[in-house]
Amino acid sequence: MEFEFLVTNTPEGWRGWRGDNLEVDAAGIRIKKDPVSTYVSPELVFSLEEMGFTGRSDFSDIALDGCGILYLLDSLRGEIYRYDPRQDRLERLCCFAGISREDGGSGNNMEDREEGRPLEFRDPGGIWVTDDSIYIADTGNRKLHSISKHLLQTRWMLDGEVFEEPADIVVDGHENIYVMDTGIGVIVKVTKEGEVSEVIGESYLNNPLDIAIDDSQNLYVLDEADGEYRIWRFVLEGGRYISKDVQPWIGPEKFQDRDGVDINPSCIAAGSGDELFVGESYDRENGSEKKLLRYLLEEGAFARILSYRGSAHKLVMDSMKNLYLITGDKKKVYFLKYTRKNRFNEKTSLYSGDAVRRFDSGRDDTYWHRIKLDFVFPAHGTQVQVSYFATNNKDIGEEDVHWSTPPLANPGDALLDGGDIKGRYLWMKITLIGTEYDSPGVRSVRVYFPRMSYLRYLPAIYQEDGPSKEFLERFLSLFESFFVDIEEEIDGITKYFDPQGVPARYLSWLGSWLAIEADETWTESRKRELIKKAPALYKMRGTREGLMEILKLYVEGKEYGGDDMAAEPPTSWCEAHLREGKALDRLVEKGYITKEDRKREMAEYRNLMVERMERAGELFDIFEYFKLMSIEDKELREIYRKLIGCPRCFLVLVNPLSLRDEELRTVKRIVDSQAPAHTVGRVVELRPSIYLDGHTYLGINTVLSRRRFVLEKSGLGKDSVLTEREEYGHLDVKSRIGVDTVIS
């Protein structure tokens, strides 16, 4: 059957509806959210009692890595624990700080010192974790430790000559460490390499209690003076931290909640957009209920987060704005999920919203036939209702519409029935009914017209009785819906045979028709191009040209960043680029070179990289046995013969640019499947280094530097760099017993 239909399925289309308490996003429409976020009921993540901890133990700080792993700092035992919430697994980390003893002793007394045993952390107050480092504020020993996250070996320490009482730390995106020294009352900025670069807050801080850093690298310090609390904010300007005001960012007069109750803060956490959270301290003598509060910048006041009741010793916010909280007694860790409430609709006294639109068929007395909605229900108790009204009157307004009653409930596919569905214009109202936190969503709506059904194919006798006719029409509509959808699929079936037009979820199906095996590492655009070129590739299968063509097709168009080399994958070349940039930054800070010198040096490096890539061509090259005949030196030819292996063997050299491990495995599968008959292909991943008797190819993975070290004309860090890379701790690979490696 031939139907016409009107559809709304894009954000632009949904914005053409009149919405009440609704918001539009890429997924369609849903109930509008409150502008201020909140946190749902806390979830217990970790409890000392439940995990079987006995004796003296508490947690002074908590840190979170990018994988959601928690790092807990036990101040009484002087130990670090790593906890995986997904596996409910806790393990103690044995760090070279000293080394924790198996008997669980504190290791902090004079007896340990006299016997020469390595000291543990002593009353550590702060911990922070980055991608490759663990930083510890060792309060009792007056030290700051930088520890390898993977090897658990100490990289460097700053001792009591710098700090008096390092109590807490935060780290910014450039891995600068900010140490809160409660003994001196300042914040000490330390670089990743362990150099003190700045002292912050000397003229402002009195008795700092906690420190936080937001997404914009603004520092927040909770301070106390004469029993009054205040929060200072230091912003980064001109490479240094300053407080823009002589007065605190939040003064003592504002440390009251909306009910006028005084706030006794113990910890803070900062997010984006000046979001600040404050927890109250644990006090056994004071029986008043402790609170968790958020500072509302636009109101200049603190509002209580009602989902949590109790004291807080430490607050940490993750990248998704979720909060982790150590209770005031330091025995439990809670997780508070970030969310936003649905906005309450005062008109309906529900969490609901309406979307209204008028559809125009273009013809008077149109019988509107059927509607289809694509919606999603996130939870029980949510619902979608549809009301409608048809008229020929163009001038009728929404206030004069007589909506159908009762409305259609959850109309995924429904007939429009009743005597009021005839007219040129169809008014439609979609009502979303949700809960406090959950809202149904509608992705698309489609309205079919004019009214047609399979009843018209039956004899007239089946249409004489009104009730029977209506029942039979609705019964036949079940089959009509299925067949109309099938007919629409058949009408558009050709799109499934077009590599450029087929929906992404059917690409693998279309590829199977041509016996193409493309795994998940192939991007969508590359899969489409592979299917498109499959007939031509099959003609070259089993040849060098065919193998190179499919390898080029696999890597072509991969995104590795533009001018910002830091956005590229973590390859050796990119790491070298970043290291050089950081080394030059330090030289600029110390005044050894100018910013223009740095810019020129980095441009030279980039041009060298581009020149090398252009010279090498693509990611791949093939080294075959017959090429050895061009090597006149017999000893050199023998070296390369050993690298290739046999006369029937060949090597696919992968340039040291960017292939990830899973991509490299795909390359190996391609080589295995596309290798010529009776040959053996092997993939060799080159490294940007020189290996004696190894895979070293000048211009591909080895570059002769144009820099020279000349006395009185060269500076270390510019023309020559002394560096020590952290490897894997393997014996004979840059490992030194007692320095880089500890034998357990």
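In this text the structure is predicted, and so the values were computed from the model without any measurement.
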* Any luck finding a side-chain donor-acceptor pair between R294 and T38 under 3.5 Å? -> no

* Asked: Taking D318 for the side chain and N322 for the main chain, is one N or O donor matched with an acceptor at less than 3.5 Å?
  -> yes

* Asked: Nearest heavy-atom pair of A379 and D438: which atoms, and what distance?
  -> CB-OD2, 3.4 Å

* To do: Could you walk me through whether T130 and Y135 pass the side chain to side chain contact (heavy atoms under 4.5 Å, CB included) test, one step at a time?
  => CA-CA 8 Å; T130 64; Y135 297 101; 4.1 Å; yes

* **F234 to G201 - nearest heavy-atom pair and separation** => CZ-CA, 3.9 Å

* To do: Could you walk me through whether D354 and R18 pass salt bridge (Lys or Arg N to Asp or Glu O under 4.0 Å), step by step?
  => CA-CA 8 Å; D354 295 325; R18 185 199 62 79; 5.7 Å; no

* Does atom CG of D226 have more than 12 heavy-atom neighbours, drawn from other residues, nucleotides or ligands, at distances under 6.0 Å? -> no

* Which heavy atom of A212 sits nearest a heavy atom of A270, and at what distance? -> CB-N, 3.9 Å

* Asked: Just by modelled atom types, is the K143 backbone N or O under 3.5 Å from a matching donor or acceptor in the N141 side chain?
  -> no

* Asked: Between CG of N218 and CD1 of I213, what distance do you get to the nearest 0.5 Å?
  -> 8.0 Å

* Has D585 got more than 12 heavy atoms of other residues, nucleotides or ligands less than 6.0 Å from its CG? -> yes

* Asked: Can D61 and W128 be said to form a side chain to side chain contact (heavy atoms under 4.5 Å, CB included), step by step?
  -> CA-CA 9 Å; D61 199 5; W128 197 279; over 6 Å; no

* Output yes when a side-chain donor or acceptor of S439 lies under 3.5 Å from a complementary backbone atom of I31, and no otherwise. => yes

* Asked: At their closest point, which heavy atom of D34 faces which heavy atom of R340, and how far apart are they?
  -> O-NE, 2.9 Å

* T435 versus Y351: any side-chain heavy-atom pair under 4.5 Å? -> no

* Go through the side-chain N and O atoms of S311 and E280 and say whether any donor and acceptor fall under 3.5 Å apart. => no

* To do: Step through the shown structure and confirm whether more than 12 heavy atoms of other residues, nucleotides or ligands are within 6.0 Å of CD on E49.
  => no

* Electrostatic pair R82:E91 at N-O distance under 4.0 angstrom -> yes

* Asked: Looking just at side-chain N and O atoms, do R155 and S133 make a donor-acceptor pair shorter than 3.5 Å?
  -> yes

* Asked: Looking at CG of D84 and CD1 of I69, how far apart are the two atoms once the value is rounded to the nearest 0.5 Å?
  -> 3.5 Å

* To do: To the nearest 0.5 Å, tell me how far E253 CD sits from R230 CZ.
  => 9.0 Å

* CA sep, side-chain torsions, deciding dist, call: R30, D25, salt bridge (Lys or Arg N to Asp or Glu O under 4.0 Å) -> CA-CA 8 Å; R30 57 187 65 247; D25 57 24; 3.6 Å; yes

* Are N176 and T191 linked by a side-chain donor-acceptor pair shorter than 3.5 Å? -> no

* Asked: Does a donor on one side chain sit under 3.5 Å from an acceptor on the other, for E275 and Y295?
  -> no

* Smallest separation among heavy atoms of P440 and P378, with atom names -> CA-CD, 3.8 Å

* Asked: Is any side-chain heavy atom of I136 less than 4.5 Å from a side-chain heavy atom of L73?
  -> yes

* Asked: salt bridge (Lys or Arg N to Asp or Glu O under 4.0 Å): which pairs involve residues 165-174, sequence neighbours left out?
  -> D168-K314

* Asked: Counting only heavy atoms not in K189, do more than 12 fall under 6.0 Å of its NZ?
  -> yes

* **Test item: F163 and M180 side chains (from C-beta on) under 4.5 Å apart, heavy atoms** => no

* Asked: Checking ring-ring contact (aromatic ring centres under 6.0 Å, His included) against W232, which of Y220, Y204, W249 comes through?
  -> Y204

* Asked: Between the side chains of Y81 and E79, does any donor sit under 3.5 Å from an acceptor?
  -> yes

* Exercise: identify the closest heavy-atom pair between N21 and S352 -> ND2-O, 2.7 Å

* To do: Look only at the side chain of D257 and the backbone of F302, and say whether a donor-acceptor pair between them is shorter than 3.5 Å.
  => no

* **Nearest-0.5 Å distance, CD1 of residue I134 to OG of residue S148** => 8.0 Å

* **Distance-only side-chain donor-acceptor flag, N342 / K33, under 3.5 Å** => yes

* Asked: Do T182 and T139 come within less than 4.5 Å of each other through their side chains, counting heavy atoms only?
  -> no

* Taking atom CZ of F59 and atom NE2 of H313, what is their separation to the nearest 0.5 Å? -> 11.5 Å

* **Test item: side-chain donor near acceptor, Y178 and Y241, under 3.5 Å** => yes

* Let me see the working for R258 and E299 under salt bridge (Lys or Arg N to Asp or Glu O under 4.0 Å), right down to the final yes or no. => CA-CA 10 Å; R258 287 174 167 176; E299 297 183 19; 2.9 Å; yes

* Asked: Looking at residues at least two apart in the chain, or sitting in another chain, which of them share a salt bridge (charged side-chain N to carboxylate O under 4.0 Å, His left out) with E50?
  -> none

* **Exam field: side chain D223 to backbone N206, donor-acceptor pair closer than 3.5 Å** => yes

* Main-chain N/O of I268 paired with D210 side-chain donor or acceptor, under 3.5 Å -> yes

* Does D138 use its side chain to pair, donor to acceptor, with the backbone of R122 at less than 3.5 Å? -> yes

* To do: To the nearest 0.5 angstrom, please state how far the CG atom of L48 sits from the CG atom of D58.
  => 7.5 Å

* Sole residue of Y83, F335, Y334 in ring-ring contact (aromatic ring centres under 6.0 Å, His included) with F46 -> Y83

* So, the side chain of D245 versus the backbone of P248: is there a donor-acceptor pair under 3.5 Å, distance only? -> no

* Asked: Are more than 12 heavy atoms from other residues, nucleotides or ligands located less than 6.0 Å from atom CZ of R309?
  -> no

* Any side-chain donor-acceptor pair under 3.5 Å between T327 and D329? -> yes

